[in-house]
Structures are given as C-alpha cells and as structure tokens.
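What follows is a single structure, written as structure tokens, with notes after it.
Order of appearance sets the numbers: ligands from 1, and atoms from 1 within every ligand.
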Amino acid sequence: MGPNSMSLRMFLVMFFLVSVVVIGTLTYQNSTFRIFEGFLRSNVQGGTSQNVTTHGFGLRGTIQNIKNESLGKEGGVQNPQGTSQNEGRTKNITKADDGSKTASLTSSHAANLDDKLLGGLLTSGFDGASCISRMQSYLYRKVSPHKPSPYLISKLRNYEEIHASCGPNSRAYDRSMREIEHSKNNGVATMCKYLIWNPVNGLGNQMISLASTFLYAILTERVLLVKLEKDKHGLFCEPFLNSTWILPENSTFWNQNHIETYQVMLDKDRASNSTEDLPLALFVNLQHPFFNPEKIFHCEHTQDLLRKVPLLILQSDQFYVPSLFMTSYFDTEITKMFPEKDTIFHHLGRYLFHPSNEAWELIIGYYETHLANANERIGIQIRVFNPESTPKQEYMDLVLSCTLNHKLLPEIGLPNPMSSTGKNHTASVKAVLVVSLYPEFGDNLRTLYLKKTTVSGEVIQVYQPSHEGNQKFNDKMHNMKAWMDIYLLSLSDVLVTSPFSTFGYAAQGLGNLKPWLLSHVKKNDTHSSTCERDFSSEPCYHMPPKHYCNGKLMKDFVSSFPYSRRCKDFYPGMKLGNNFV
Ligand code: GDP
C-alpha cells in the first residue's frame, strides 16, 4: 500500500463521516419541523381552542397561514382580491375542502405588503407565527381611508430602534436601570429614559390611556414599558420588534410606593424654584381630577422638569392626548405626525393592539361563523353603568328607537311565517352584534326579529358573544372576552355605542367608525333624542384641564385645545376632530 491508497482510504472514511452527519442533520431538522407543526396543530385545534371547536369554527386556513407566515415571515401572506360583500373591506375568505370558510393563502400570490402593514404603520420583520393577527387583520377590516403620514412612520421606526436598544434584555437597559435604582447623584443623565405605564380601570380605559402614553413616549424619546398583570398577559401581541414592552418581573418598579410623587415634585419646585433636587424616578398620577387636584402636566415648565427625570411611572385611565397640544413642542410634533387630527387613536391603536394568537382564534372563529356572510354588520354596545337604579327595558327602548328612527335596523312587520319553517335564502342579511354584560339585550332583539318579518324584507340575525354579568377583576378569560367584544365591534360597518363608555371608544377608534351615540338613559324621558351621530372616532377625554398654566380658569376652550370640540356624550369632556369650520 503506497501513499496513494492511504489517501484514498482517508478520503472514503471522510466521505462516510460527512454523509452520516448530513443525513443525521436533515432527519433531525425534519422531525423538528414535524414537532413544530404538531405543536401548532395541537395549539390551534385543541387546548385553548376548546371554545372554538365547540362553535364549529373551521381553522384550517389559519393553520396554513401560521405555517406559511412562520416560514416566509410577512411575505408569505397573499391577498387574493377576495369576494368582498362590502365596499372597501378586503376579504380573502374562500371555501376550504371541508366547506368551512377560511382566510386562505393558497388562491393567489399577489401579496399586498402595503395593505398588510397598514400603509407602513407596521414594520416588517416580525415572525408571523408569533402574532398571526398582525398580518391578517387587513383581511377582516375595511381598508382605512387614513394613511399614516411619512413623518409618523419615521417616528415609529425611530421609536422601535430606541426600544430595541434600550428595552429589557439589552445592556443599555441593565446599565440605565442600575443607575436609576442605585445612583446617589440625582442629576445623573442615564443612557436611556423610561416611561412605565400603570394600568387602572377596565380594558377600554386601559387601551385609550396606553395609546396616549405611547404617544408621550415617542414625543419624549422614552422607552415605554407596561405593567401588564398576569390577567392581561395573553391578550395582546408584543408590539415592538425584537423586544418586549412588559416591565420585567424582577424590576423594583412594579412597586411604586417608595418613589417620589409628581405632586411632591411640584410642591418642591414651587417652594425652591430649583431643579437640582429632581428625583431619578417619579410617579405621575394623571387620573382624572374627580379624585386628584389639577395636574398642570400640559404646561411647558412641568415638561421641562419631567424631561430631567430618567424614569417616570405614569398612571392614567384617560385619552389625554388633547392636552399634549398645549405644550408647543408637542403641538408641532403631533401636528406633523397626524395631519388628520381625528386619527390619532386610530393609528396608534392599530399599531399597538394586535390580538394574541389565542384571542385571534376566538375573534376570527366567531366572526367567520356568525358575521362574515352578512351583507352588513351592525355593532351595538350597551353599557349599563347603574343596573340597580335603571330597568334594562329603558335601555332596550332606547336602542330600538335609535336604530329604527335612523333606519339602522328595519321596522318590524307581520308575524314571520318562516320563523318555524326555515330560512329565506335570498333576502339581504344584516348581522347585529350585541355587546353587553347582560344577556337580555341580545335575547330580546333576537326574539323580536325571529317572530316578525321586516318591512324591508331584510333578514336580521342577532348575536351576542358573551354576557359576563358584571365587570370581573384578575380574570384572564373575562378580559379575553372583553377584548374579543371590542375587536368584533370594531369590525362593524355601523356602530351604536353607549355614552361615557371607553369600551366603545376603543372599538370605534380601531375601526375608524363614527358611532351613533346613545343618549343617557333618563327615567320617564320620552322627549329627548335617542341617539346622534358622533363627529369623530377619537375617544372622548373626560376630564381635560380647566386652568391655564398661570392658574387662571380657562375661558376660551377652543383656542386652548386646538382641533377639539366638546364631547357629545359627556359635558366637561372634549375630543379631537378634523376640519371644524
Ligand atoms: P367603561 O367602564 O365602559 O368605560 O369600559 P372599560 O372597558 O374601561 O371597563 C369596563 C369593563 O367591564 C371591561 O373592561 C370589561 O371587563 C367589563 N365589560 C363592560 N362591558 C362589557 C361588555 O359589553 N362585554 C364584556 N365582555 N365585558 C364588558
């Protein structure tokens, strides 16, 4: 055996070893993929989807979507110019083999990335499987006539970079937090600055205040972190690429008792007129002044002070954006970001609030089963604030006269001969989505339209996804149902909402809907109007400031709050609108 046969043998041995490694790796990858696939299937079809399958929701297309999206990221979703029954709504709902309706990805490759990313509002690069709704919401919602401005898009991309470099799990986060927690030097300038949002009240209140706080974070270049308790963890997807917005569990700022309050800072400032003594962390409670004295948060001097504090914990239950216009720098910036002033919650809400996969299954399952086939969808939100003092029948009467007077629903005619015999398959169908804590409203309306025909010949189908009885706390499934209700309402073509309810505000803003606002229920009141059309889809700011920064009572409301008008549903409140003449 010479050197040549030696190297041949070496070559054969090497070839054998490399082959074994390659085959082994491929087999492993395949089985990993199958395990992943199995995981997706069991997650979507079993487990959390118990509710879904009992309603008979077909989710095959959704699973297909998950796989395509996870493999191809955003590029994997196609928009096959579906069969929309309603103008503007881009649907690609097709029939699957088993007859169930699914959002199919297979019918076309004409992916419209711009539609999916909501005109550039959303960034690309997310792993599609982690948040299916982010890339599918455009299939179910009408295309918004409001495009985000290039300036808003650039501010969002800039914010995302700040969040990625200063957010949890970054070195800058660890370093800045260490300095904020331990530095003896109050005036220290940390690498990153933070804004921790503290939730209060129900989901609607939380969504509108969180959107306001996100805008404040963008304006002040702070990293937004949220104290989402466990009962709200599974509701929304992470909104920021490659990072989390949830305040890490080990943060000392979950507890704010040891932190200086905004009120103390203002008092010290008034007494000494010096900014040397500013704390490193500050708790700012902006909850409405029913409970707290006026906050002068919107004043330039206050903002100058706050700019020097590296970490703020902010608590609010309001859509306080209108007051930000009172600070001249914010005014300039917000005006550039939102040339249309009545789209602030609409854009920020659609940017931030994407249903988690678990929530999306419930929402889309319900939508496909009950609402997708209707010619029109009417959402009716009935919020009863004082059930003990006002009989439900008064609310029911109000809803009926509003919807009938304004021809949102047809008048009732003769007894329905089909009610016991079957369905009229040719008539135009209106699906009515009733959303309330109480089952009576959906039940009564359904019974009414089941027993009688309508004078217009339309078929009215009434659905109510849940009836929780009362607001519950620390209950994840309760919050999930609330989120499902808000999202489904936002998919309506026509919306009727209850006055003073932030639950309705969140839905109207996401859906860009100017709702029909029900009047306040007043006992034995037969004269007043039952509802009127709102002038904007923005939330009402219930408790705007009443004083100028010099302490004088505000007289000229309109010049103090540009682009705002009094809310129709709550007197001291104000809301943003566009093109007031
Ligand atoms: P608001 O009190 O009407 O301004 O709305 P919030 O959302 O801030 O608080 C009300 C809370 O009560 C919600 O978060 C839910 O927990 C519950 N709730 C009120 N109305 C409904 C409803 O129609 N459906 C469901 N699922 N929950 C509701």
Give me the residue, atom name and distance of the protein heavy atom closest to [atom].
| atom | value |
| --- | --- |
| atom 9 (O) of ligand 1 | Gly202 CA, 3.3 Å |
| atom 8 (O) of ligand 1 | Asn205 OD1, 2.7 Å |
| atom 11 (C) of ligand 1 | Gln471 CD, 3.4 Å |
| atom 2 (O) of ligand 1 | Arg383 NH2, 2.8 Å |
| atom 5 (O) of ligand 1 | Thr502 OG1, 3.2 Å |
| atom 24 (N) of ligand 1 | Asp485 OD2, 2.8 Å |
| atom 22 (C) of ligand 1 | Phe503 CZ, 3.6 Å |

In terms of atom number and element, which parts of ligand 1 are under 4.0 angstrom from non-hydrogen atoms of [X]?
| X | result |
| --- | --- |
| Gly204 | 6 (P), 7 (O), 8 (O) |
| Ser436 | 22 (C), 23 (O) |
| Lys481 | 26 (N) |
| Ser466 | 26 (N) |
| Leu203 | 6 (P), 7 (O), 8 (O), 14 (O) |

Any side-chain heavy-atom pair of Val399 and Phe441 under 4.5 Å: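 Sidechains of Phe441 and Val399: no contact.
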Close N or O approach (Gln381, ligand 1; < 3.5 Å):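 Among all N and O atoms of Gln381, none is under 3.5 Å from an N or O of ligand 1.
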Any N/O pair Asn201/ligand 1 closer than 3.5 Å: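 In this structure, Asn201 places no N or O atom under 3.5 Å from an N or O of ligand 1.
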Side chain, backbone, both or neither: the part of His478 lying under 4.0 Å from ligand 1 by heavy atom: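 Side chain only.
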Ligand 1-proximal atoms of Ser501, by part, heavy-atom distance under 4.0 Å: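 Both parts.
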Whether Leu437 lies under 4.0 Å from ligand 1, heavy atom: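 Judged by the 4.0 Å heavy-atom criterion, Leu437 does count as contacting ligand 1.
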Phe385 to ligand 1, any heavy atom closer than 4.0 Å: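 Phe385 counts as a contact of ligand 1 under the 4.0 Å cut-off.
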Between [X] and [Y], is the gap from one ring center to the other below 6.0 Å?
| X | Y | answer |
| --- | --- | --- |
| Phe353 | Tyr487 | no |
| Tyr159 | His163 | yes |
| His542 | Tyr505 | yes |

Lys/Arg-Asp/Glu bridge criterion (N-O < 4.0 Å) met for Lys575, Asp342: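 Between Asp342 and Lys575 there is no salt bridge, as every charged N stays at least 4.0 Å from the carboxylate O atoms.
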Lys514 bridged to Asp534 by N-O distance under 4.0 Å: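 Between Asp534 and Lys514 there is no salt bridge, as every charged N stays at least 4.0 Å from the carboxylate O atoms.
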Side-chain donor/acceptor of Thr327 to backbone N/O of His298, under 3.5 Å: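 Indeed, once roles are kept as given, a pair shorter than 3.5 Å links the two residues.
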Any donor-acceptor N/O pair, Asn386 side chain to Glu388 backbone, under 3.5 Å: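 Answer holds: no.
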Parallel, tilted or perpendicular: rings of Phe214 and Phe240 (30°, 60°):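 Tilted.
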Donor-acceptor pair between Glu458 and Tyr449 side chains, under 3.5 angstrom: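 Not at all, the side chains of Glu458 and Tyr449 share no donor-acceptor pair under 3.5 Å.
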Face-on cation placement of Arg134 at Phe126 ring, 6.0 Å and 45° thresholds: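 The answer is yes, since Arg134 meets both limits relative to Phe126.
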